[in-house]
There are 4 protein chains.
Amino acid sequence: MRAKRMPRAVRERQMLDAAVRTFGQRGYRAASMDDIAELAGVSKPLVYLYLNSKEDLFTAVIRREARALTEAIRAGVGPAGLPADRQLWNGLRAFFTHTARHPDGWSVLHLQARTHGEPFAAEIAALREEIVAFVTQLIAAAAREAHRDPDLPEREVAGLAEALVGAAESLADWAGATEGVTARQAAATLMNFAWAGLGDLMADRPWTPPEEEAGPAPAEPAAQTG
Amino acid sequence: MRAKRMPRAVRERQMLDAAVRTFGQRGYRAASMDDIAELAGVSKPLVYLYLNSKEDLFTAVIRREARALTEAIRAGVGPAGLPADRQLWNGLRAFFTHTARHPDGWSVLHLQARTHGEPFAAEIAALREEIVAFVTQLIAAAAREAHRDPDLPEREVAGLAEALVGAAESLADWAGATEGVTARQAAATLMNFAWAGLGDLMADRPWTPPEEEAGPAPAEPAAQTG
Amino acid sequence: MRAKRMPRAVRERQMLDAAVRTFGQRGYRAASMDDIAELAGVSKPLVYLYLNSKEDLFTAVIRREARALTEAIRAGVGPAGLPADRQLWNGLRAFFTHTARHPDGWSVLHLQARTHGEPFAAEIAALREEIVAFVTQLIAAAAREAHRDPDLPEREVAGLAEALVGAAESLADWAGATEGVTARQAAATLMNFAWAGLGDLMADRPWTPPEEEAGPAPAEPAAQTG
Amino acid sequence: MRAKRMPRAVRERQMLDAAVRTFGQRGYRAASMDDIAELAGVSKPLVYLYLNSKEDLFTAVIRREARALTEAIRAGVGPAGLPADRQLWNGLRAFFTHTARHPDGWSVLHLQARTHGEPFAAEIAALREEIVAFVTQLIAAAAREAHRDPDLPEREVAGLAEALVGAAESLADWAGATEGVTARQAAATLMNFAWAGLGDLMADRPWTPPEEEAGPAPAEPAAQTG
DNA sequence: GATGAATGAGTATTCATTCAT
DNA sequence: GATGAATGAATACTCATTCAT
C-alpha cells in the first residue's frame with residue numbers, strides 16, 4: 001500500500017533514510033534499487049525521478065551522513081576559546097555518540113564509501129580532510145598553549161592527526177561491537193592514549209578529564225531514522 | 001589460445017596474484033571472475049576447477065595476504081627478549097614496509113574484506129584479533145617493565161590496543177597515499193604518538209628511537225607480483 | 001524490440017504456454033529460459049519477474065496442466081449416479097481426447113515431470129494419486145453393483161487401479177504416435193481389456209459400449225495455444 | 001587411488017555400471033561425465049577413449065540394459081509349446097523380478113531414455129516394439145487356442161498389447177515404490193486384470209495361476225552391480 | 001595405455017534503468 | 001506526479017570435450 005501524496009522534500013528524506021539503511025547493511029553493490037524503493041515505500045521510477053541514479057543516490061547519502069557527522073562534532077566541540085584538550089575531549093564524545101546512534105550512517109562513511117572507488121572515495125576524502133584539518137589545528141593550538149619551541153614539522157603534525165583520527169575510527173568500530181562501552185569511555189580511552197601517551201600511562205600519569213558540565217551529553221534529536 | 005601447461009601449484013599462485021590485484025583495485029563485487037581469469041592468463045573454468053567459487057577464491061586471497069602480513073610483522077619484531085617499545089618500533093616498521101609494498105593486499109585486508117559481510121569479516125576479525133592480542137601483550141609487558149602499579153583495567157588495555165592498531169591502519173593508508181612518506185617515518189610518528197603522547201610532545205619530550213641496527217629495514221624477498 | 005504492454009495475467013499465460021511447449025518438446029534441462037522467453041515474445045528478465053525461477057516456472061506448468069487434465073476428466077465422467085463402467089468409459093474418452101489435444105502438456109506430465117526429481121515428482125505423484133483414487137473408487141463401486149462377496153483385498157484393488165491407469169497412459173502415448181487412432185477407439189480398446197479381460201475377449205464376449213449420447217465427444221474449448 | 005591395468009572389457013563394464021547408476025539416479029542431463037568417471041574409478045579421458053561421447057555412452061547403457069531385460073524375459077517365458085496364459089505368467093514374473101533387481105536400469109529404460117529425444121527414444125521404441133510383438137503374438141496364440149472366430153482386428157490386438165505392456169510398466173513402478181509387493185504378486189494382479197478382466201473379477205471368477213514348477217523363480221546371476 | 005591440464009560454449013539469474021500510460 | 005511493464009547487459013558457474021605428456 002503506497003503512501004499518498006507527500007511533499008517532495010519528505011519523500012526524498014524517506015528515500016535517503018531507506019538508502020542509508022540498505023547501503024549501510026548490505027553494501028553499495030549488494031543493495032539493489034528495488035530494495036531501497038521498497039523500503040522507502042515508493043515505486044522505483046520515483047526514486048530515479050528524484051535521485052537520478054544509484055551513483056547519485058549513494059553520493060547524496062554520503063553527503064547527508066557526512067554533514068550530519070561533522071555538524072554533530074562541531075556542535076559538541078563548543079566555543080573556540082576552550083583549551084585544546086577540552087575541545088578534543090568534547091569533540092570525541094560527540095563523535096562516539098553520533099556513530100553509536102547512527103551505525104548505518106557510520107558504516108556507509110567508514111566502510112562502504114571507501115571501498116567502491118570514485119566518485120565516492122573523493123567524498124570521503126573531503127570529509128576526512130575536514131576532520132583531520134580540525135584536529136591538526138587543535139594540535140597546533142595545543143603547541144601554542146604549551147609555548148612549544150621549536151614548532152613540530154608540518155608533516156609530523158599531519159601524521160599525528162591522521163593517527164588520532166584513525167584511532168578514533170577504530171574505537172568507534174570497537175565501541176559499536178563491544179557490549180557496554182559508552183561513548184564517554186571510548187573518548188576517555190582515546191584522550192589518555194593521545195594526550196598522555198602510553199609512556200605516561202605506564203608511569204601512572206594519565207590525562208585527567210575536566211569536571212563535567214551540568215547537562216547530559218550534547219543533545220541529538222533522535223536515534224537512527226527508518 | 002591455450003595457456004601453456006603448468007603444474008597446478010604454479011597456476012594457483014598466478015590466479016591468487018591476479019585475484020589480489022583485481023579484488024584490491026576493484027573490490028569484491030566489482031571484480032568479475034572473467035577479469036581475474038584474464039589477468040591470470042587462463043580460462044575461467046580453470047579458476048573454478050582450482051579455486052572453487054568466487055567466495056572461496058576471495059577467502060583464499062584473504063588468508064594468503066593475512067598470513068603474509070602477520071609473518072612480515074613477526075619477522076620484523078625480533079626476539080621476545082627485547083624491551084616492549086623496541087618490539088613495537090620494529091613491528092611497526094615491518095608493518096608499514098609490508099603495506100607499502102603490497103598495496104593491493106593491504107586494500108583487500110583493510111577495505112574489501114571488511115565490507116562484504118560473512119564469511120570474510122570473520123577472517124579479518126581473526127587477523128585483527130591476532131594483531132591486537134600482540135599489541136595488548138606488548139602494553140602489558142611495558143607495564144611490567146615500568147613496575148606500574150596498579151594494573152590498568154583489562155578493558156582499558158583492550159581499548160588502547162584498538163586505538164593503536166587503528167592509528168597504524170590509518171597511517172598505512174596515509175603513507176600509501178602521500179608521496180615521500182617512508183615506512184620509517186610513519187613508524188616514528190606513531191611511536192611518538194603512542195609512546196610519548198601528545199602531551200609530552202608538546203613539552204618537547206619525544207620518544208627516542210633506539211640506535212639503528214647496521215643493515216636496512218627487515219628484508220622482504222620481492223614486491224607485489226603481477 | 002520492446003514487446004507491447006500487456007496486463008500481467010495475459011503475459012503470464014503466454015509465458016506458461018511457451019513453457020509447456022518448450023518443456024514438452026525439449027525436456028526440463030534442455031529447455032533454456034532463453035528459448036522460453038523468445039517463444040513467449042518477451043525478454044528473459046520478465047519471465048523471471050513473473051515466474052521467479054526455472055523451477056517455479058516448471059512447477060507452475062505442471063500444476064496448470066495437471067489441473068486441466070483432471071478437470072477435463074471430471075467433466076467427462078458425468079454425474080456420480082451412473083454405473084461404474086459407464087463412468088469409466090466416459091472418463092477414458094475425456095482422457096484420451098485431452099491428451100491428444102495437448103500433446104506437450106501430456107509430455108510434461110507423463111515424461112518430463114517424472115524424470116527430474118523433486119519437487120516435480122511430488123506434483124506428479126499427487127496428480128496420479130488423485131486419478132488412481134478415482135479409479136479405485138470406481139472399482140469398488142463396480143464390486144458393490146455386482147454384489148461381489150467377499151471384497152477384493154485393498155492392496156489388490158490398488159494394484160488393479162495402477163494397472164488400469166498405466167494401461168491408459170500407455171494407450172495415450174500409442175494413440176498419439178499412431179496415425180488414425182481416435183480417442184474413442186483407444187477408450188473402447190481399454191474398456192474391453194479392462195472390463196471384459198482377454199479371456200472373455202477370446203471367447204468373443206466383449207464389453208459392450210453403452211448407446212452413445214446425441215452430441216459429439218465432450219466439448220473442449222480449443223486446442224493447444226501457441 | 002586409480003585401479004591398476006585391467007583388460008579393456010573389464011574397464012568398459014565398470015564404466016557402464018557406473019553410468020547406469022548415475023544416469024538412473026540423476027537423469028541424463030544431470031549426470032556429468034565427471035561423476036561417471038569418478039564412480040567408475042577411472043580418468044575422464046579414458047571414458048572418452050572407450051565410449052566416445054556422452055551420447056554414445058548413454059546409448060550403450062540403454063542397449064545393455066535393454067538386452068538384459070529382454071533376455072531375462074525370454075529366459076523366464078519358457079518353451080514355445082506352453083499355453084499362452086502360462087507363457088505370459090512366466091514372462092511377467094521374470095519382468096517384475098528383473099525390474100525389481102535392477103532399479104537403475106529400469107529407470108534408465110522406462111524414464112530417462114524416453115525423455116531426452118533422439119537418438120535414445122528410437123532405442124526404447126525398438127525395445128518396446130520387441131516386447132509388444134511378443135505380447136501380440138501371445139494374444140494371437142490365445143485366440144488360436146480358443147478357436148476364436150472371427151479374428152480380432154490387427155489394430156485392436158496391437159492396442160491390447162500396448163495396454164498390457166503399459167499396465168506392466170506401471171505395476172513395475174508401483175511394486176518398486178510399495179514396500180512388500182513381490183514380483184509374484186504384481187504378476188498375479190496383472191494376470192487377473194488382463195486375463196479375467198474386471199468384469200469377471202467382480203463376478204468372483206478370477207484367473208487361476210497354474211501350479212508352480214519345482215525350482216525357485218527364474219534364476220538371475222546377481223542383483224544390480226556397482 | 002592413461003592422465004593432468006585446459007577450454008569453448010552455454011545456462012540460470014540479477015540489476016540499473018526506461019517508457020507508456 | 002506516479003507507476004506497472006519491460007529490457008540490455010552482465011555475472012557466477014557448469015559441462016562435454018580435447019591435448020600434451
Side-chain angles (χ1 to χ4, degrees), chain A residues 2-8 11 29-37 42-57, chain B residues 1-8 10-12 29-37 41-57, chain C residues 1-8 10-12 29-37 41-57, chain D residues 2-8 11 29-37 42-57:
Chain A
R2 298 289 147 113
K4 280 288 174 78
R5 290 286 192 106
M6 285 192 159
R8 169 160 181 156
R11 272 279 153 87
R29 296 286 302 236
S32 82
M33 296 296 270
D34 276 285
D35 294 339
I36 293 169
V42 299
S43 71
K44 231 186 328 173
L46 198 58
V47 178
Y48 277 87
L49 189 64
Y50 284 1
L51 272 18
N52 215 30
S53 73
K54 193 184 187 183
E55 200 173 297
D56 285 4
L57 172 54
Chain B
M1 186 201 349
R2 255 177 200 241
K4 278 256 292 287
R5 284 168 74 88
M6 286 194 156
R8 173 167 180 154
V10 175
R11 268 283 134 83
E12 221 168 298
R29 297 285 299 237
S32 83
M33 293 299 269
D34 275 292
D35 294 341
I36 294 170
V42 298
S43 69
K44 223 185 338 169
L46 201 58
V47 179
Y48 278 90
L49 191 61
Y50 287 175
L51 274 318
N52 230 6
S53 72
K54 194 182 188 182
E55 194 171 307
D56 283 7
L57 172 56
Chain C
M1 187 201 348
R2 249 167 207 253
K4 279 257 292 286
R5 282 168 74 90
M6 287 193 154
R8 171 167 181 153
V10 175
R11 267 284 134 82
E12 220 167 299
R29 297 285 299 240
S32 83
M33 295 298 269
D34 273 292
D35 294 340
I36 293 170
V42 298
S43 69
K44 227 182 339 167
L46 200 59
V47 179
Y48 277 90
L49 191 62
Y50 286 175
L51 273 318
N52 229 8
S53 72
K54 193 181 188 185
E55 193 172 308
D56 282 6
L57 171 56
Chain D
R2 298 288 145 112
K4 280 290 172 78
R5 290 289 192 102
M6 286 192 159
R8 170 161 182 154
R11 272 277 153 89
R29 295 287 301 236
S32 82
M33 295 297 269
D34 275 286
D35 295 339
I36 294 170
V42 299
S43 71
K44 232 189 325 174
L46 198 58
V47 178
Y48 278 86
L49 189 64
Y50 284 2
L51 273 327
N52 215 30
S53 74
K54 193 182 187 184
E55 200 172 298
D56 285 4
L57 171 55

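Letters A, B, ... mirror the listed sequences (proteins, then strands); counts begin at 1.
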Subject >> Shortest non-hydrogen contact between D56(D) and S53(D), atoms and distance >> reply: N-OG, 3.1 Å
Original post:
Is any side-chain N or O of R8(B) under 3.5 Å from a base N or O of dG4(E), one able to act as donor and the other as acceptor?
Top reply: no
Subject >> Minimum heavy-atom distance R8(C)-L49(C), with the two atoms named >> reply: NH2-O, 4.2 Å
Original post:
With respect to the side chain of Y50(D), which nucleotide from dA20(F), dA2(F), dA2(E) is positioned closest?
Top reply: dA2(E)
Original post:
If you measure from NZ on K54(A) to CE on M33(A), what distance do you get to the nearest 0.5 Å?
Top reply: 7.5 Å
**OP:** For V47(A) and A37(A), work out which heavy atoms get closest and say how close.
**Re:** CG2-CB, 3.9 Å
Between the protein and nucleotides 13-16 of chain F, list the N/O to N/O atom pairs that are separated by less than 3.5 angstrom.
residue: dC13(F); atom: OP2; partner: Y48(B); partner atom: OH; Å: 3.0
residue: dC13(F); atom: OP2; partner: K54(B); partner atom: N; Å: 2.9
residue: dC13(F); atom: N4; partner: K44(B); partner atom: NZ; Å: 2.1
residue: dA16(F); atom: OP1; partner: A31(D); partner atom: O; Å: 3.3
residue: dA16(F); atom: OP1; partner: K54(D); partner atom: NZ; Å: 2.7
residue: dA16(F); atom: OP2; partner: M33(D); partner atom: N; Å: 2.9

Original post:
Separation of D56(C) atom CG from dA12(E) atom C1', in whole Å?
Top reply: 13 Å
Original post:
Can you tell me how far CG of L51(B) sits from CZ of R11(B), rounded to the nearest 0.5 angstrom?
Top reply: 13.0 Å
Subject >> Length of the CD1-P vector between I36(A) and dT14(E), whole Å >> reply: 17 Å
Original post:
For L49(C) and dC19(E), what is the distance between atoms CG and P respectively, to the nearest whole Å?
Top reply: 19 Å
Original post:
More 5' along DNA chain F: D35(B) or P7(C), using each one's nearest nucleotide?
Top reply: P7(C)
**OP:** In whole angstrom, give the distance that lies between atom CZ of R5(C) and atom C1' of dA20(E).
**Re:** 5 Å
Original post:
The side chain of S43(A) lies closest to which of these nucleotides: dC19(F), dT7(F), dT3(F)?
Top reply: dT3(F)
Original post:
In whole Å, what is the span from the CG atom of L57(C) to the P atom of dT11(E)?
Top reply: 16 Å
**OP:** Quickly work out the L46(A) CG to dC19(E) P distance and round it to whole Å.
**Re:** 17 Å
Subject >> R11(C) side-chain N/O to dA6(F) phosphate OP1/OP2 under 4.0 Å >> reply: yes
**OP:** Starting at the 5' end of DNA chain F, write a dot or bracket for each base, bracketing those in Watson-Crick or G-U wobble pairs whose two distances are under 3.5 Å and using | for partners on another strand.
**Re:** .||||||||||||||||||||
